[in-house]
Every structure is written in structure tokens, then in C-alpha cells.
Amino acid sequence: MIEWVSIGTGARPVPQPVATPLVWAGAFGGALLLVALLNALVGTDRPSLALAGLSLLAALLGLCARFTAAPGTAVLCWLFLNGFAIPPAGTLTWAGHRDTFWLACLLAAALVGTALARLVHARAAYRRITEGVAAAEPGDGRGYS
């Protein structure tokens, strides 16, 4: 008789991050929608609000991404911030300190989101592993012999 066995048996301690191109596609679409929404609701004269929203988007995307996706995520968010959230809309400009600060904020947000996700997943995996070891050892249930 044939018995079907899953190749990936057992619990995976840490979930795999989403592929980088998918994260970048999410950054592109999310930044486009967010900037369009902010421009429609409050106008283009509030770039700090757009920076805060895009930083939050970068942090949320970082929760499911690899660390290598952070620079691309930050650059994509910055392109929409610079090109469409400040006047003149549709024109990319470079204002040294301002744009460097914006890129640094967006990169930091993406990195913080990714680091936070890694810490949460590692802590959960550690708990699953230690609970499995404690349950396997005889004794009083605390894992001590």
C-alpha cells in the first residue's frame, strides 16, 4: 500500500520571510495608494505626514521581509514621497539634508520592522523548542532531573 508522507514534516521553528520582489511590489503599490490618499485628503503641503505614513508602511512590510529588502523598500517609498507628496508633484528633486533624512527614516523603519519580526519569531521558536524538551524529559514537568 502507498503511504503519503509530507516531505517537510515537523514544526518549522521560524517562518520563512516573503520573497524580496513581492515585498518591493507591496512597497510600490502601498506607497502609491498611501501618497494618493494623503494627497486627496490633506494635499501636498504636509510631507511630514506622508513621511510618517510611509515609514509605517516600510515597518509593516519589514515584518514579513528579509533584511536585504529594506534598502529597496526605503528607496521605493522615498521615490513616491519625493515625487508626489511634495510640490511640484511628479518631479524628483534632491535637497541634500532633507532627502538624506527621509531616506534614513524610511530605511530605519524597514530595518526595525524586520528586526522586530525576527525577534518575535525567534522567541516563539525558543518557547516551542523548550516546551518540547521539557515535555520529553521525565520528572516534575519543569525539565529538571
Side-chain angles (χ1 to χ4, degrees), residues 2-137 141-144:
I2 298 174
E3 182 179 334
W4 293 98
V5 179
S6 177
I7 293 176
T9 59
R12 204 176 236 178
V14 179
Q16 290 292 327
V18 175
T20 300
L22 289 175
V23 174
W24 288 346
F28 183 86
L32 175 67
L33 289 173
L34 183 64
V35 169
L37 182 68
L38 287 173
N39 283 348
L41 295 177
V42 296
T44 59
D45 57 343
R46 309 249 334 247
S48 59
L49 183 63
L51 176 63
L54 288 170
S55 294
L56 182 62
L57 174 69
L60 290 174
L61 288 169
L63 291 175
C64 61
R66 292 180 168 86
F67 279 106
T68 56
T73 302
V75 168
L76 283 168
C77 289
W78 173 80
L79 285 172
F80 281 99
L81 176 64
N82 191 339
F84 299 106
I86 58 171
T91 304
L92 286 177
T93 59
W94 181 262
H97 296 293
R98 180 195 71 189
D99 288 319
T100 304
F101 174 72
W102 285 356
L103 274 170
C105 285
L106 292 166
L107 180 61
L111 289 173
V112 164
T114 305
L116 180 65
R118 296 297 157 257
L119 288 173
V120 168
H121 291 312
R123 184 177 169 102
Y126 177 76
R127 283 186 176 168
R128 283 193 301 266
I129 290 171
T130 55
E131 287 173 0
V133 170
E137 291 183 5
R142 288 194 252 158
Y144 304 119

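We're numbering straight along the sequence, starting at 1.
Atom CG of L103 sits about 10.0 Å away from atom CG of L51, to the nearest 0.5 Å. One distance of note links SG of C77 with CG of L57; it measures 5.0 Å at 0.5 Å rounding. With rounding to the nearest 0.5 angstrom, the OG1 atom of T114 is 9.0 Å from the CG atom of L61. In this structure, CG in L33 is found 9.0 Å from CZ in F80, a value given to the nearest 0.5 Å. With values rounded to the nearest 0.5 angstrom, N82 atom CG is found 6.0 Å from W102 atom CH2. To the nearest 0.5 angstrom, L34 atom CG is 5.0 Å from L54 atom CG.
Looking only at distances, no side-chain donor or acceptor of N39 sits under 3.5 Å from a matching main-chain atom of A85.
Of all non-hydrogen atoms in P47 and L81, the two that sit nearest each other are O-CD1, 4.0 Å. The two residues V23 and C64 come nearest to each other via the heavy atoms CG2-O, 4.5 Å. Taking all atoms of both residues into account, the shortest heavy-atom contact from T93 to W78 is O-CZ2, 4.0 Å. The minimum heavy-atom distance between T20 and A69, with the atom names listed, is CG2-CB, 3.7 Å. Nearest heavy-atom pair across R66 and Q16 is NH2-OE1, 4.2 Å. Taking all atoms of both residues into account, the shortest heavy-atom contact from F84 to T44 is O-CG2, 3.8 Å.
Residue-environment remark: CZ (R46) stays at or below the threshold of 12 foreign heavy atoms within 6.0 Å. More than 12 heavy-atom neighbours from other residues, nucleotides or ligands sit within 6.0 angstrom of CZ on F67.
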Inset, instruction - Would you please test L60 and L63 for side chain to side chain contact (heavy atoms under 4.5 Å, CB included) and show each step? - result: CA-CA 5 Å; L60 290 174; L63 291 175; 4.0 Å; yes

